[in-house]
Amino acid sequence: MGWKLSAEASASEPQWADRLWRGNQPAGSPIVSEEQLDLLSTLELRQEMPPPRVSKSFLSLLFQVLSVLLSLVGDMLVSVYREVCSIRFLLTAVSLLSLFLAALCWGLLYLAPPLENEPKEMLTLSEYQERVRSQGEQLQQLQAELVKLHKEVSSFRAANSERVAKLVFQRLNEDFVQKPDYALSSVGASIDLEKTSHDYEDTNTAYFWNRFSFWNYARPPTVILEPDVFPGNCWAFEGDQGQVVIRMPGRVQLSDITLQHPPPSVAHTRGANSAPRDFAVYGLQVDDETEVFLGKFTFDVEKSEIQTFHLQNEPPAAFPKVKIQILSNWGHPHFTCLYRVRAHGIRTSERAGDSATEGPH
């Protein structure tokens, strides 16, 4: 019945609105048709109708369903994480891995062929101990032999160290100067002791038995005529000034003089302050009184251990003797050492030497 009343009201509503609109129209205005009025009323009703709304009960139900689903998913994830990280899971995994490895080892041992060198019988404890004891005795014997061999090698080194050092220095130094040496004892050279300085004598260490020749460790001046140059094998004279006169094996036209001294690196005193520094060379005539000055030089210990100096013998003159006069050393306060002196030149005959010595006096 309510629906009928509303229908009738809606049917009579256009007529009432038509009348009202017509009554409000001023006189002389244009008349609007009924179809236009129906269209206007329909538009007004559509504007007044509210938009459709979603029910609140439906939205709340949807939110509840989603929350339940999310809580279930979260519970499942948490339970899975706890199960994975639990000690029971780890123990289970380790036990399964151990079983797998044991089965793998058993399979390898069962399938692998037996070794060819495998002992046929197992050793007993007493046999094993006996074998260990025998091996220990063998090791002790080897150790004793090694100790004995080490002692023999040490004694051999101590006995031959000086000889080896001499050979090494001889091989290193003998052929650096490619000139004939006339101050060599093996070819007939000697020392004129009357014109040579005295040997150095250390009064602080001179014992009674050192005065005998076979106990005396001092080297004579003839050592400078030998090719064996090694530390300590030198002729020492007292102070920083002295001289030595070398008698050559004939008349020689002197051209060069070579001095040799071991380098400071191999000296026992870690230095070469006993080496000669400034020196002069003279040629002696047959009368041993006439001396011819052949030059003044400096031996530099910082340079090579073998140093050759060119003499001022122009025009060339032949001499039977040569004098080396040491003017200073490198700072030693007590003595100066000469290791080796070499005289180079051309050997002449007696007649040629007499004619040659008449010039530069």
Side-chain angles (χ1 to χ4, degrees), residues 51-176 230-231 262-271 304-305:
R53 296 180 179 179
V54 181
S55 175
K56 292 181 178 180
S57 59
F58 177 74
L59 291 176
S60 62
L61 180 61
L62 181 61
F63 286 147
Q64 289 177 1
V65 171
L66 291 176
S67 62
V68 170
L69 291 175
L70 289 176
S71 62
L72 290 175
V73 172
D75 293 339
M76 290 177 63
L77 292 176
V78 170
S79 62
V80 170
Y81 177 76
R82 289 178 179 177
E83 185 66 23
V84 170
C85 297
S86 63
I87 298 176
R88 183 175 59 187
F89 176 78
L90 295 177
L91 292 176
T92 303
V94 170
S95 61
L96 291 176
L97 182 61
S98 301
L99 291 175
F100 174 75
L101 292 176
L104 181 62
C105 293
W106 180 83
L108 291 176
L109 292 175
Y110 181 77
L111 296 177
L115 297 176
E116 296 179 357
N117 298 328
E118 186 178 1
K120 298 180 179 180
E121 57 181 3
M122 299 296 293
L123 295 176
T124 61
L125 181 59
S126 59
E127 292 176 349
Y128 178 76
Q129 292 177 353
E130 182 65 25
R131 181 171 296 183
V132 170
R133 184 165 49 253
S134 63
Q135 291 179 355
E137 293 177 355
Q138 293 178 2
L139 290 176
Q140 291 179 358
Q141 292 178 359
L142 289 176
Q143 186 176 3
E145 291 179 359
L146 287 176
V147 172
K148 183 180 178 180
L149 181 61
H150 178 70
K151 291 181 179 179
E152 292 178 356
V153 171
S154 300
S155 62
F156 179 78
R157 288 179 178 176
N160 295 277
S161 59
E162 184 176 357
R163 186 174 62 86
V164 171
K166 290 172 61 177
L167 290 175
V168 169
F169 276 100
Q170 183 178 356
R171 292 296 181 271
L172 289 176
N173 302 327
E174 63 183 359
D175 291 330
F176 285 171
F230 54 89
S265 59
V266 300
H268 294 157
T269 57
R270 293 299 178 186
S304 174
E305 59 181 299

Between [atom1] of [X] and [atom2] of [Y], what distance do you get to the nearest 0.5 Å?
{"X": "K151", "Y": "K148", "atom1": "NZ", "atom2": "NZ", "result": "10.0 Å"}
{"X": "E130", "Y": "E127", "atom1": "CD", "atom2": "CD", "result": "9.5 Å"}
{"X": "L61", "Y": "L66", "atom1": "CG", "atom2": "CG", "result": "9.5 Å"}
{"X": "L96", "Y": "L101", "atom1": "CG", "atom2": "CG", "result": "11.0 Å"}
{"X": "Q140", "Y": "E145", "atom1": "CD", "atom2": "CD", "result": "12.5 Å"}
{"X": "H150", "Y": "S154", "atom1": "NE2", "atom2": "OG", "result": "4.0 Å"}

Heavy-atom neighbours of Q143 CD exceed 12 at 6.0 Å: no
